[in-house]
Amino acid sequence: MKRLLYILSIVIIPQFIVYMVITRTDNQCVINKEGPTELKVENYTRKADRINIMVADHSKFEILQQEFERPQDVTLACLSCHTERHHELMANNHWTWERSEKLAGRDSIVSLGKKNIINNFCIGINGSEKTCVRCHIGYGWGDKEFDFTKKENIDCLVCHDQSGLYKKGKGVSGMPVEGLNYNIISQSVGSPKRENCGICHYWGGGGNNVKHGDLDKAMNSCSKDVDVHMAIEGEDMSCIACHTTENHVIKGKLYALSSEDKNRATCEQCHTDKPHNDKVLNNHGDRIACQTCHIPEYAKANSTKMVWDWSTAGRLNDDGSQIHESDADGNHNYLSIKGTFVYNDHVKPEYMWFNGLADHVLITDSITSIPIQMNTLMGSYDDKGENCESTSCSKIWPVKVHRGKQPWDPILRKLVQPKLWSKNKGDSAYWVDFDWSNSITAGMKYTDLPYSGEYDFVETEMYWPLNHQVSTAAKALQCTDCHTSSEDGRLAELKGFYLPGRDHYDFIEYIGILLVLLTAAGVIIHGGIRIVLRKNCLHSKEE
Amino acid sequence: MKVYIYKGFERFWHWTQVTLIVMLALTGFEIHGFYELFGYREAVMIHDRTAWGFLALIIFAIFWHFTTGEWRQYIPTIKLVKEQAQYYITGIFKGAEHPTNKLVYNKFNPLQRLIYLGLKILVIPVMVLSGFAYMYLIYPNETFVLGSLGPVAAVHTLGAFFLIVFIIAHVYLTTTGHKPLSSIQAMITGWEEMSEQEAKEMVKSEMEYSLKVAKYNLITNKDRSAFLDEALMETEAKLGVKCNNKLHDVISNSGAGYFRIGMDGTYQEVNESWVSLYKYESIDEIIGKNYSLSRSKDSFAQLQETFNKVLKGETVEHGLVIRHCKDGSIGYHTLTMTPFTKDNKIVGVEGIIINIDRDNATKLQWDNENNK
């Protein structure tokens with residue numbers, strides 16, 4: 001008996017040991033699926049620990065109790081106490097709408113911004129400033145003559161109003177609407193809240209969530225299903241909790257406009273670069289942006305624009321009135337002034353290698369390949385960076401790709417700037433006159449650039465790396481969302497490197513499976529012959 | 001007849017390895033995308049940990065192989081490879097005998113030697129190294145980074161297929177022993193069932209081997225007197241045979257001389273090796289003679305003393321002695337004497353002598369004196 005136990009133990013003990021080795025520790029992840037446990041963060045004050053003390057009651061300041069005739073007078077009143085702040089603002093690209101950028105892959109440094117960039121939404125502001133500058137933090141930018149040095153033209157209120165009453169007008173060069181009570185508005189001022197940032201950053205491109213796909217008015221008051229950080233029942237974070245701001249220098253820029261990898265707002269600034277307890281997951285962070293797993297989809301509350309085809313614009317009703325068509329969800333899918341759109345919600349991002357550097361197509365650039373990449377995101381699997389501890393190492397990023405079809409000059413092979421907006425008919429503005437030739441001629445003349453006189457429509461793509469609408473950990477991508485050979489795999493399209501679970505080498509597969517099958521067949525045949533012969537032997541012996 | 005083949009550690013090692021490799025294969029091919037079993041994340045974690053476990057086991061096994069000398073089992077040989085292959089291709093169907101015997105110091109047939117050696121020095125190291133590369137050399141903040149995971153993954157996958165092929169063939173070939181299950185049984189209990197013939201051969205060659213080891217130790221080790229005891233113990237341990245009672249069987253044809261002397265001091269039995277060491281013509285010539293003829297007059301007293309001690313129940317390892325041969329010449333051997341019992345009563349002594357050639361004897365003598 002004792003001997004039997006000893007003998008069996010030699011076979012059974014290994015199974016125990018292996019079992020112990022395999023299940024050594026099981027609390028690998030800080031956040032388990034049952035619910036979030038305490039998440040490690042740094043450089044961040046939790047909601048429970050936040051202290052909201054009003055440091056100054058602006059309603060007690062006499063200067064804000066005066067009768068304001070113009071919004072500029074409010075600005076001057078602000079600057080009478082907050083002296084010198086205008087210098088900070090005037091250096092801010094919310095004011096300049098341009099900044100020095102070194103474009104990836106080019107030697108020269110260009111001045112680039114909303115002032116002169118071409119995109120594949122409303123194309124560009126030139127010639128249409130009066131309406132576009134509704135999102136400029138200034139008053140009166142109606143044409144090229146705007147004085148960027150005049151401090152009274154700074155619009156403090158659009159960012160700092162906390163009354164919710166302040167509103168800029170349409171087509172009035174960034175001026176507010178008529179009839180505002182500046183006393184209530186100016187006395188309400190405080191740090192910008194989501195609503196302040198959102199009025200432009202949600203509504204860019206002419207509608208809510210049109211451009212970004214991950215910035216939506218719903219995020220003013222949302223649940224964790226939309227954004228785990230901004231959720232009211234969660235940490236209820238404001239924009240500036242991550243886009244930290246000191247002296248009006250705001251952290252974070254978007255690759256729709258910027259090109260360089262500096263002054264970024266990152267996940268790591270609070271979560272560190274080793275946020276998981278699982279080493280394998282942390283290692284993934286070397287080649288995969290946090291956003292890739294943690295933003296499994298975007299446009300979670302409202303749709304975002306995926307396609308904009310300008311070439312169909314200009315169709316009018318028989319009576320000459322404009323056409324407005326909507327899809328089943330109530331999103332526009334045709335407008336006479338803009339053409340055809342495709343909206344989508346709960347969109348799965350596309351994935352790209354990205355090293356933090358981008359190029360941009362300038363209006364002066366000759367086009368070499370179509371579809372035109374409006375803002376090429378640089379990077380590849382092989383780009384591991386010279387210094388891999390910096391962000392210059394390419395990582396897989398989730399990207400919203402906005403596909404467009406917009407006017408260009410097929411003779412000069414350059415993108416063009418049409419004049420879109422005017423208050424009056426006959427001013428060559430496309431949105432009024434519906435004449436591409438005239439509007440492009442006017443727009444190119446306004447920007448002092450050559451135009452062959454011929455236009456056509458060209459396919460374009462614009463890339464929006466995603467950062468917002470972060471999901472709860474439970475909804476983050478799981479291993480087999482990427483590590484799968486299925487065509488639905490998240491990285492099915494991102495070729496050029498070996499991904500375990502997705503990729504195979506056919507010849508190894510064939511050799512391996514063939515060897516296994518041959519061996520199995522050999523065993524069956526050999527064993528079969530042995531069994532048959534043994535039976536025969538027994539028979540002959542019995543006889 | 002059953003013979004003890006696989007030692008405790010060896011069996012522990014084998015079965016642990018079985019479990020580890022099965023787990024590695026199950027999780028590995030899941031990670032490879034062949035099926036879903038544990039869940040990908042779980043599979044990766046199990047694969048990683050199992051790999052570490054496997055590495056630890058490999059280190060233990062290497063240590064064991066070298067400290068026990070078992071590594072010699074894997075020295076490749078081309079002797080009988082053809083016969084062994086021939087056996088599997090045709091002989092096995094005709095019920096032919098195995099061309100190679102399963103011996104303790106040679107428990108693998110030539111094909112096994114080649115395959116296991118290949119596993120140990122090629123497949124397993126390649127799997128371990130490519131596994132490490134897979135785990136560590138693909139992240140850009142490491143000092144050394146692979147250009148691509150592709151080649152590593154290819155090698156690792158191919159190795160995995162080879163191991164699967166090995167497992168299939170290996171499991172099948174366990175059925176080709178004495179009886180279909182005797183090999184598996186041996187790996188569980190340590191005892192393998194063999195034919196009478198095989199077992200006899202084994203005992204013989206094992207004794208020869210143990211004596212060789214003992215002789216080797218005699219020349220190199222400081223503790224020389226226990227060499228035969230060691231050989232006996234080793235044989236006992238390896239074969240699970242109690243050598244004392246069957247000393248005669250064990251020793252026959254082993255090259256060691258065996259003798260039994262009755263209470264009256266006369267030889268009752270000697271083996272052929274003894275006869276030839278003492279240069280007699282036949283066994284009959286010596287049976288019934290007094291044991292005094294085996295020594296010169298000077299050293300007989302010493303032997304007598306030893307003889308009396310053994311009769312009282314002691315086992316005496318005598319070390320080097322000089323024997324007196326029939327033709328008057330002398331020879332050197334080591335001597336071990338143990339009581340010979342019948343019905344729990346000592347009725348004589350029996351012993352083993354192992355010849356030592358003149359040079360070694362001189363060296364031994366010289367060493368002995370120097371040590372004193």
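Letters A, B, ... are given to chains in the order of the sequence lines, protein chains preceding strands, and every chain is numbered from 1. None of the values given here were measured: they were computed from a predicted structure.
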Identify which part of Ile17(A) has an atom lying under 4.5 Å from any heavy atom of chain B, answering side chain, backbone, both or neither.
side chain

Among residues at least two apart in sequence or on other chains, which ones pass ring-ring contact (aromatic ring centres under 6.0 Å, His included) with Phe12(B)?
none

Pairs of heavy atoms under 4.5 Å with chain A: top-ranked of Asp48(B), Leu173(B), Leu149(B)
Leu149(B)

Is Phe507(A) close to chain B through its backbone or its side chain, or both, or neither, when contacts mean heavy atoms under 4.5 Å?
neither

Of all heavy-atom pairs between Leu37(B) and Glu30(B), which one has the smallest distance, and what is that distance?
N-OE2, 3.0 Å

Between the side chains of His65(B) and Glu10(B), does any donor sit under 3.5 Å from an acceptor?
no

Step through it carefully: locate the ring centre of Phe132(B), locate the ring centre of Trp52(B), and say whether they are under 6.0 Å apart.
yes

Out of His32(B), Met187(B), Met23(B), which one racks up the most heavy-atom pairs below 4.5 Å with chain A?
His32(B)

If we define contacts as heavy-atom pairs under 4.5 Å, which of Gly53(B), Gly8(B), Pro180(B) has the most with chain A?
Gly8(B)

Please give me the minimum heavy-atom distance between Val228(A) and Ser471(A), naming the atom from each residue.
CG1-O, 3.8 Å

Does any heavy atom of chain B fall under 4.5 Å from the side chain of Ile508(A), the backbone, both, or neither of them?
both

Which members of residues 489-501 of chain A, sorted by number, sit under 4.5 angstrom from chain B on a heavy-atom basis?
Tyr498(A), Pro500(A), Gly501(A)

Could you check which of Ile513(A), Thr484(A), Leu518(A) has the highest count of heavy-atom pairs closer than 4.5 Å to chain B?
Ile513(A)

Test of understanding: with side chain to side chain donor-acceptor pair (under 3.5 Å), list the residues that count as partners of His526(A), not counting sequence neighbours.
Tyr172(B)

Look at Gly33(B), Ala153(B), Gly150(B) and state which one has the largest set of heavy-atom pairs under 4.5 Å with chain A.
Gly150(B)

Where on Phe54(B) is there a heavy atom nearer than 4.5 Å to chain A: the side chain, the backbone, both, or neither?
neither

Centres of the Phe60(B) and Phe9(B) rings: under 6.0 Å?
no

Most heavy-atom pairs under 4.5 angstrom with chain B, which of Ala520(A), Gly522(A), Gly527(A), Ser485(A)?
Gly527(A)

Using the ring-ring contact (aromatic ring centres under 6.0 Å, His included) criterion, which residues pair with Tyr463(A)? Sequence neighbours excluded.
none

When Tyr40(B), Phe161(B), Tyr35(B) are each screened for ring-ring contact (aromatic ring centres under 6.0 Å, His included) with Phe29(B), the one that passes is Phe161(B)

Let's test your reading of the structure: which of Ile188(B), Ile164(B), Thr157(B) forms the most heavy-atom pairs below 4.5 Å with chain A?
Ile188(B)

Please lay out, stage by stage, how Arg287(A) and Ser394(A) fare under the test side chain to side chain donor-acceptor pair (under 3.5 Å).
CA-CA 7 Å; Arg287(A) 293 319 300 272; Ser394(A) 289; 5.0 Å; no

For Thr376(A) and Asp359(A), which I'm curious about, is there any donor-acceptor pair between the side chains at under 3.5 Å?
no

